[in-house]
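These notes are about the structure you will find just below.
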Amino acid sequence: MVSVLTGVMTSVIDKLTALLGEEYTKLTGVQREVNFMKDELSSMNALLQRLAEADSDLDLQTKEWRRQVQEMSYDIEDCVDEFMHRVGNSSTTDSGGLVHGVVQQLKVLWARYQIGSKIQDLKARVEDANKRRVRYKVDELAFQSSTKSAIDPRLPSLYADPDGLVGIGRPRDDLIRMLMEGEGTSVQQLKVISIVGPGGLGKTTLANEVYHRLEGQFQCRAFVSLSQQPDVKKILRNILYQVSHQEYANMETWDEEMYFIVIDDIWSTQAWKTIRCALYVNNCASRIMTTTRIVSIAKSCCSPHHDHVYEITPLSTDNSKCLFFKRIFGSEHICPPHLEDISSEILEKCSGSPLAIVTMASLLANKACTKQEWDRVCNSIGSTLEKDPDVEEMRRILSLSFDDLPHHLKTCLLYLSIFPEDYEIERDQLVKRWIAEGFINMEGGQDLEEIGENYFNDLINRSMIQPMKIKCDGRVASCQVHDMILDLLISKSVEENFATFISGKNKTLLLQHKVRRLSLNYYSQDHTMFPSAAIISQCRSLSIFGYSEQMPSLSKFRVLRVLDIENGEEMEHKYFEHIRRLLQLKYLRLHVRSISALPEQLGELWQLRTLDLGGTKITKLPKSIVQLQNLTCLRVCNMELPEEIGNLHALQELSEIKINRNSMASSLLGLGSLTKLRILRLRWCISNTDTDNRTFIDNFLSSLRKLGRLNLRSLCIQSYCGYSIDFMLDSWFPTPYLLQKFQMNLEYYFPRIPSWIASLGNLTYLDINVDPLEEETLEILGNLPSLMCLWVSSKAAAPKERLVVSNGMFGFLKEFQFMCWRNKVGLVFEAGSMPRLEKLRIPFNAGTGLNFGIEHLSSLRHLIVEIICSGASVQEVEALEEAMRSAADLLPNRLFLEVRTWD
């Protein structure tokens with residue numbers, strides 16, 4: 001497993017063990033050296049694992065020894081990988097006669113000679129590293145406790161001047177209301193409220209404000225802050241002292257008194273459980289308030305009352321400006337006109353974080369009030385070049401969250417530093433890159449992508465990354481990194497030589513070591529030059545955003561695992577001629593519109609797992625594509641189905657393939673051989689009215705039936721230009737019982753619901769077109785037990801204009817989007833229908849009534865109303881819009897209402 005703190009040591013040890021196995025027993029003369037290296041590296045790896053536990057307390061000398069060992073582990077793995085590839089390729093090559101056999105034997109002998117020479121050199125490096133370890137007493141120095149006592153960086157939050165606080169009134173009042181609800185009732189049970197949010201949003205300041213507002217209403221009270229590894233006994237003594245105002249008090253009567261305790265900054269569930277056990281549970285309306293950066297801990301504190309979790313939000317734009325200008329100019333209303341635009345840009349980077357705003361304001365307060373100086377400060381965010389004490393203090397506070405992460409999550413999080421500012425990172429794309437980099441290890445029988453998604457969710461849970469797109473089932477599909485967190489990640493990546501960044505804003509970055517991961521951002525406004533002195537031959541990951549004539553040639557990258565190029569509009573075909581040489585490549589993503597073909601030798605990249613060509617003009621894949629036996633994901637855009645597709649036995653995702661008359665009927669039948677296929681997206685461009693096409697349809701149906709019995713989870717089938725797919729109405733048998741998602745396009749309509757849909761017990765997402773739409777259709781869909789997201793489009797309803805959604809239907813549905821444009825069709829929601837519905841999109845004809853049962857949708861949070869204005873007056877449209885807003889105001893939740901008008 002690859003780790004930012006241990007390098008690739010674990011992987012290297014496994015591969016050296018393989019070199020000692022039967023397959024490589026002919027490595028005459030180096031068996032002893034390989035065995036020596038394996039044993040020495042195993043010992044070093046054990047020490048690296050222990051050093052990782054004490055990472056933040058290590059001295060510079062120990063960190064330098066660790067860095068050298070990490071770099072050495074990369075070089076050893078590159079050497080072993082190259083040899084294994086050469087020998088592996090030679091041993092599997094088909095016999096081509098005597099001369100061919102002799103040539104292959106010579107190649108193998110030459111490969112063995114080369115690795116023998118390199119292993120001697122690497123063995124010498126291992127010996128030197130071990131001698132330095134002994135000479136500098138790394139084992140002893142690494143675990144000496146630090147004698148310096150650092151000041152808690154959160155301390156100023158407890159002594160903040162209330163007059164200087166901005167935007168705290170509403171959350172403070174909300175929390176006070178949550179805490180005091182139920183006071184005076186006959187049963188005054190203990191209540192726990194938890195504030196959760198990322199570091200820097202002001203949780204401690206808010207909790208402190210609430211505490212001081214309420215402290216006079218409780219006989220016993222205490223406010224304590226926890227460290228990441230708290231001394232629980234000391235914490236409990238602190239609570240005891242604050243409650244009793246004595247060093248050691250008798251607590252026998254405390255269980256009969258009303259108390260208010262604030263536990264600030266909880267880092268583990270175990271710490272909460274221990275403290276919780278020491279606090280009395282009474283019926284005196286006692287209150288406990290906690291703060292944490294981790295969502296799961298907040299829920300644990302309030303369990304089972306998750307509605308007692310208060311999620312703190314960033315400051316609004318107005319409050320951000322108020323705080324910013326107040327700190328710099330002494331008044332929230334003062335800002336020189338020439339600094340208004342650059343102020344907005346800086347505040348946009350701060351994203352409403354009070355910590356970031358105050359930090360940047362403190363920095364600028366000591367700078368000249370010129371646009372040039374403020375521009376320089378703005379551009380320094382994320383460059384790690386700004387060494388101002390206030391910026392360093394902010395990084396220390398944010399580092400608390402980073403330091404609390406386990407090793408594997410630190411590595412995965414640092415990897416996000418390679419993406420540009422404000423870049424929306426797709427979860428699936430990120431997880432596939434993590435896998436290609438070796439950041440994820442198989443755990444039990446879990447799939448690598450499932451483990452990767454768990455890692456991603458854990459980072460969301462710990463408030464380290466911000467969720468962007470959220471699916472109806474609650475899964476986060478994409479994320480962003482706050483600019484201040486990105487600044488921290490870049491700083492740590494540079495420190496550990498984890499990644500190297502070349503862009504306009506940090507072009508002066510010194511390249512002191514071999515580049516292991518390279519991120520080139522050519523979107524920068526400044527001209528970006530790639531330094532010729534950069535050592536990139538050992539680079540494992542290359543990410544290019546934008547285009548420049550100065551891009552390094554792919555021929556220089558010998559050990560690349562990941563290649564991701566996005567929006568290189570002007571790139572020439574010849575730039576990709578050397579892709580065939582990237583023999584270690586596992587992840588290839590090209591979103592380059594100018595590319596229309598790839599080298600035929602693409603099939604030589606036998607380690608490739610992900611091939612994403614969705615952003616290119618390529619219409620036909622090389623025939624050699626079917627040689628990629630490790631390929632798990634193939635993403636294209638409207639490309640023809642490859643011949644012999646059934647040979648890709650590892651394939652789990654295939655999208656978006658075009659099936660037309662140029663496709664081979666045998667290839668359609670071969671789809672059924674993809675026994676691991678989980679996701680299939682295709683464009684159907686074959687007419688079912690032509691008798692010559694019957695073989696295509698039969699073969700496709702045969703494959704669908706096989707896939708449905710195996711692992712198929714998601715099917716998206718699109719049919720344009722009038723191509724019908726009504727052959728799917730009753731032909732999918734047995735039922736694809738694992739199917740979770742079915743989606744179709746807007747041009748073809750089923751005449752009724754396909755028979756197999758009614759028995760899909762695992763279906764959670766359905767996007768379907770049915771014409772006409774009848775109540776029987778709604779009944780079938782309403783009885784699907786797992787359905788969470790439903791999109792239904794129709795041209796008309798028959799025979800009624802209003803369809804009824806009855807009590808008990810759609811019990812788990814969270815999102816419902818209904819489109820019916822040509823007829824005045826409406827829905828009526830009865831009491832008890834769609835009890836969990838959160839998002840609704842529905843059309844209305846202007847001039848019609850509003851009695852559709854919105855008051856019964858008690859969980860609704862987002863309502864999109866499409867008003868069809870054709871034939872209506874302006875007054876009728878305005879009246880309907882006003883009536884809709886009035887109805888929305890009556891719902892218990894704070895509803896987000898969108899009103900759109902058509903025709």
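Hydrogens, waters and symmetry mates are skipped; everything else that's a heavy atom, side chains included, is used.
With hydrogens and angles disregarded, no donor-acceptor distance shorter than 3.5 Å links the side chain of S519 to the backbone of F501. A side-chain donor-acceptor contact under 3.5 Å links T274 to the backbone of Q270. A donor-acceptor pair under 3.5 Å is formed between the side chain of N457 and the backbone N or O of E453. Remark: side-chain polar atoms of T359 are paired, donor with acceptor, to backbone N or O of L355 under 3.5 angstrom. Remark: side-chain polar atoms of N461 are paired, donor with acceptor, to backbone N or O of S296 under 3.5 angstrom. Under the 3.5 Å distance criterion, the side-chain polar atoms of R287 are matched with a main-chain donor or acceptor of L179. A donor-acceptor distance shorter than 3.5 angstrom exists from the side chain of K191 to the backbone of M178, with no hydrogens or angles considered. Although no hydrogens or angles enter the test, the distance criterion places no donor-acceptor pair under 3.5 Å between the side chain of S478 and the main chain of E424. Side-chain atoms of S417 come within 3.5 Å of backbone atoms of L414 as a donor-acceptor pair (strictly under, hydrogens ignored). Using modelled atom types, no side-chain atom of S859 and backbone atom of E838 make a donor-acceptor pair closer than 3.5 Å.
Side-chain atoms of S194 and H308, non-hydrogen and from C-beta on, never get closer than 4.5 Å to each other. Side-chain contact between Q466 and I485 is absent, with no heavy-atom pair separated by less than 4.5 Å. L47 has its side chain within reach of L51: a pair of non-hydrogen atoms, C-beta onward, lies under 4.5 Å apart. Proximity of V210 to M289: side-chain heavy atoms (C-beta onward) are separated by under 4.5 Å at one or more points. In this structure, the side chains of M9 and V69 come closer than 4.5 Å at one or more pairs of heavy atoms. Residues V192 and W272 meet the side-chain proximity criterion, which asks for heavy atoms closer than 4.5 Å. I294 has its side chain out of reach of V196: every pair of non-hydrogen atoms, C-beta onward, lies at least 4.5 Å apart. In this structure, the side chains of K469 and E426 come closer than 4.5 Å at one or more pairs of heavy atoms.
A salt bridge links D404 and R462; the closest N-O separation between the charged side-chain nitrogens and carboxylate oxygens is under 4.0 Å. A salt bridge between R177 and D174 is present, with a side-chain N of the basic residue lying under 4.0 Å from a carboxylate O of the acidic one. Under 4.0 Å is where a charged nitrogen must lie from a carboxylate oxygen, and between R67 and E496 no such pair does.
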Exercise for review: Go through M180 and L214 one step at a time and tell me if the side chain to side chain contact (heavy atoms under 4.5 Å, CB included) criterion holds.
Suggested key: CA-CA 9 Å; M180 304 311 291; L214 295 181; 4.1 Å; yes
Exercise for review: Please lay out, stage by stage, how R427 and I460 fare under the test side chain to side chain contact (heavy atoms under 4.5 Å, CB included).
Suggested key: CA-CA 11 Å; R427 180 201 64 211; I460 294 282; over 6 Å; no
Point to revise | C301 vs I266, side chain to side chain contact (heavy atoms under 4.5 Å, CB included): CA-CA, chis, key distance, verdict | key: CA-CA 10 Å; C301 293; I266 301 179; 4.0 Å; yes
Exercise for review: Assess whether side-chain hydrogen bond (donor to acceptor under 3.5 Å, both in side chains) is satisfied between N238 and Q242, documenting all intermediate values.
Suggested key: CA-CA 6 Å; N238 191 355; Q242 291 187 52; 3.0 Å; yes
Practice item. Assess whether side chain to side chain contact (heavy atoms under 4.5 Å, CB included) is satisfied between L347 and T317, documenting all intermediate values. Key: CA-CA 8 Å; L347 288 173; T317 301; over 6 Å; no
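Atom OG1 of T411 is separated from atom CZ of F498 by 6.0 Å, given to the nearest 0.5 angstrom. The NZ atom of K203 lies 9.0 Å from the CD1 atom of I195; values are rounded to the nearest 0.5 Å. Atom OG of S300 is separated from atom CZ of R276 by 10.5 Å, given to the nearest 0.5 angstrom. Rounding to the nearest 0.5 angstrom, the gap separating the CD1 atom in I346 from the OG atom in S320 is 13.0 Å. Between atom CG of residue L488 and atom OG of residue S493 there is a gap of 9.0 Å, rounded to the nearest 0.5 Å. To the nearest 0.5 Å, atom OG of residue S3 and atom CG of residue L48 are 9.0 Å apart.
Scanning for side-chain contact (heavy atoms from CB on, under 4.5 Å) contacts around S541 gives Y415, R433, E437, R517, S543, V562, with sequence neighbours left out. Applying the ring-ring contact (aromatic ring centres under 6.0 Å, His included) rule to Y211 yields the partners F223, F260; only residues at least two apart in sequence or on another chain are considered. Partners of S351 by side-chain contact (heavy atoms from CB on, under 4.5 Å), not counting sequence neighbours, listed by chain and number: H482.
Contact between A271 and S268 at its shortest, heavy atoms only, is N-OG, 3.1 Å. Here the closest heavy-atom approach between residue K349 and residue C378 is recorded as CE-SG, 3.5 Å. Here the shortest heavy-atom pairing between L486 and V481 reads N-CG1, 3.7 Å. In plain terms, the two heavy atoms of L413 and I465 that are nearest each other are CD1-CG2, 4.0 Å. Considering every non-hydrogen atom in both I418 and A499, the closest pair reads CG2-CB, 4.2 Å. Contact detail for N319 and G167: the closest heavy-atom pair is ND2-CA, 3.5 Å.
For the side-chain hydrogen bond (donor to acceptor under 3.5 Å, both in side chains) test with Q68, the passing option among R66, E64, E71, Q70 is E64; the others fail. Between I275 and the options L226, I288, I261, a side-chain contact (heavy atoms from CB on, under 4.5 Å) holds for only L226.
The environment of CZ in R861 is sparse: at most 12 heavy-atom neighbours from other residues, nucleotides or ligands sit within 6.0 Å.
For D265 and S225, the side-chain atoms include no donor-acceptor pair closer than 3.5 Å.
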